[in-house]
Amino acid sequence: MAAPASPECAPTCSISVVVPALNEEQGLTGTLAAIWRQGPRPCEVVVVDGGSVDATVAAAEAAGARAVRGPRGRARQMNAGAAECSGEVLLFLHADTELPPGALEAVERALANPAVLGGCFTLRFDAQEGSAALRLWSWCTRCWLLRTPRLVFGDRAIFVRRSVFEELGGYSDWPILEDLDFAMRLAAKGPGAFAFLPAAVTTSARRLLEVGPVAQQLLNTSIVILWYCGLSPETLKGLYRYSMPRLAGRTPNDTAS
């Protein structure tokens with residue numbers, strides 16, 4: 001694992017990475033190692049813990065990130081992390097998602113165009129080789145016909161200029177769909193404001209595999225359609241439930257947000 005940034009290896013960009021986490025000690029180490037392997041490195045990595053009962057905070061600090069406590073809920077944790085950051089660009093990364101080599105460099109290239117205010121990556125799953133459904137969903141994130149912020153979930157590593165993030169008021173304090181809402185508000189800032197980068201982040205398929213990739217994607221699609229039809233995120237939250245990451249020697253009996 002790469003060591004944290006040091007004066008001898010100072011970051012050369014102004015990108016802050018925010019990682020919301022809840023009981024993610026097992027996957028977090030790989031996620032943070034992939035961040036520190038970037039060239040250029042981020043100026044800081046902030047892991048926002050939402051009340052973990054495992055060693056998430058210790059794992060984050062051991063991997064060179066700054067761990068802070070935040071109110072539970074992904075939107076709240078991301079907003080809390082952004083408030084702790086000093087970078088001119090914010091990149092929001094799920095704790096079970098790894099950046100590809102050259103990811104931060106690709107972000108810098110995209111933002112060299114002043115019209116671009118933010119964007120996201122394409123997506124692949126760590127277990128997709130054995131699942132046609134996962135490969136199909138991965139392909140959908142690359143298909144130009146489906147290149148719309150209306151289909152951008154947070155596992156695609158959304159990035160944004162800090163000034164624009166603050167102007168938009170950050171993520172809406174919703175229990176679900178805060179990522180689609182933010183991507184749509186960001187894209188509405190102007191033509192070309194939202195960039196779709198061709199590189200793919202690799203995310204864990206565990207949540208899809210809990211109930212089956214097809215069933216979960218049908219549920220996800222139904223939730224989005226119902227949202228467009230006017231149902232509130234608070235109402236829809238009851239339809240979207242998954243087990244928290246399994247803790248060593250314990251069986252989770254709670255759900256994560």
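As the structure is a prediction and not an experimental result, all values here were calculated from the model.
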Sequence neighbours excluded, which residues qualify as side chain to side chain contact (heavy atoms under 4.5 Å, CB included) partners of Asp173?
Arg76

Test of understanding: with side chain to side chain contact (heavy atoms under 4.5 Å, CB included), list the residues that count as partners of Arg161, not counting sequence neighbours.
Leu111, Leu117, Ser163, Val164

Are [X] and [Y] connected in the hydrophobic side-chain network, where two residues link if heavy atoms are under 4.5 Å apart?
X	Y	value
Val48	Ile35	no
Val19	Leu99	yes
Met78	Val160	yes
Val47	Ile15	yes
Leu91	Leu28	yes

Would you mind reporting whether Val224 and Phe153 have side-chain heavy atoms less than 4.5 Å apart?
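They are in side-chain contact.
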
Sub-4.5 Å side-chain heavy-atom contact between Ser131 and Arg135
no

Tell me the closest heavy-atom pair linking [X] and [Y], and the distance in Å.
X	Y	value
Pro42	Val45	CG-CG2, 3.8 Å
Val18	Ala82	CG2-N, 4.1 Å
Ala63	Trp36	O-NE1, 2.8 Å
Arg142	Leu123	NH1-O, 4.4 Å
Gly50	Gln77	N-NE2, 3.4 Å

Which residues end up grouped with [X] if you chain together Ile, Leu, Val, Met, Phe, Trp and Tyr wherever their side-chain heavy atoms are less than 4.5 Å apart?
X	value
Val214	Leu218
Leu146	Leu151
Trp144	Leu145

Using modelled atom types and a 3.5 Å cut-off, is there a donor and acceptor pairing between side-chain atoms of [X] and backbone atoms of [Y]?
X	Y	answer
Glu84	Val68	no
Arg162	Val89	no
Ser204	Arg206	yes
Glu44	Val17	no
Thr202	Asp126	no
Thr31	Ala95	yes
Thr97	Thr203	no
Ser16	Gly87	yes
Gln38	Leu104	yes
Thr141	Ser138	yes

Separation between CZ of Phe121 and CG of Asp155, rounded to the nearest 0.5 Å:
13.0 Å

If you round to the nearest 0.5 Å, how far is OG1 of Thr29 from CD of Glu24?
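Taking CD in Glu24 and OG1 in Thr29, the distance rounds to 11.0 Å.
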
Quick one: do Glu25 and Ser52 satisfy side-chain hydrogen bond (donor to acceptor under 3.5 Å, both in side chains)? Show the steps, please.
CA-CA 9 Å; Glu25 66 170 300; Ser52 297; over 6 Å; no

With sequence neighbours excluded, what pairs up with Arg147 under the side-chain hydrogen bond (donor to acceptor under 3.5 Å, both in side chains) test?
none

Can you list every ring-ring contact (aromatic ring centres under 6.0 Å, His included) pair that touches residues 42-66, not counting sequence neighbours?
none

Pairs touching residues 62-111 that satisfy ring-ring contact (aromatic ring centres under 6.0 Å, His included), sequence neighbours left out:
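For residues 62-111, and leaving out neighbouring residues, the ring-ring contact (aromatic ring centres under 6.0 Å, His included) pairs sorted by first residue read Phe92-Phe165, Phe92-Tyr171.
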
Please set out all donor-acceptor pairs under 3.5 angstrom arising from side-chain atoms of residues 174-186, sequence neighbours excluded.
from: Asp179; atom 1: OD2; to: Gly154; atom 2: N; distance (Å): 2.7
from: Asp181; atom 1: OD2; to: Ser172; atom 2: OG; distance (Å): 2.7
from: Asp181; atom 1: OD2; to: Arg185; atom 2: NE; distance (Å): 3.1
from: Asp181; atom 1: OD2; to: Arg185; atom 2: NH2; distance (Å): 3.3
from: Arg185; atom 1: NH1; to: Leu168; atom 2: O; distance (Å): 2.7
from: Arg185; atom 1: NH2; to: Gly170; atom 2: O; distance (Å): 2.7

With a 3.5 Å cut-off and sequence neighbours excluded, list the donor-acceptor pairs that the side chains of residues 188-201 form with protein atoms.
from: Lys189; atom 1: NZ; to: Glu167; atom 2: OE2; distance (Å): 2.3

Which residues pass the salt bridge (charged side-chain N to carboxylate O under 4.0 Å, His left out) test with Arg109, not counting sequence neighbours?
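Salt bridge (charged side-chain N to carboxylate O under 4.0 Å, His left out) list for Arg109, sorted by chain: Glu105.
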
Taking everything shown except Glu88 itself, do over 12 heavy atoms lie less than 6.0 Å from its CD?
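No - once you tally the heavy atoms of other residues, nucleotides and ligands closer than 6.0 Å, there are 12 at most.
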
Show me the side-chain donor-acceptor pairs of residues 227-236 shorter than 3.5 Å, one per line, residues at least two apart or across chains.
from: Tyr228; atom 1: OH; to: Arg150; atom 2: O; distance (Å): 3.0
from: Ser232; atom 1: OG; to: Thr235; atom 2: N; distance (Å): 3.1
from: Ser232; atom 1: OG; to: Thr235; atom 2: OG1; distance (Å): 3.0

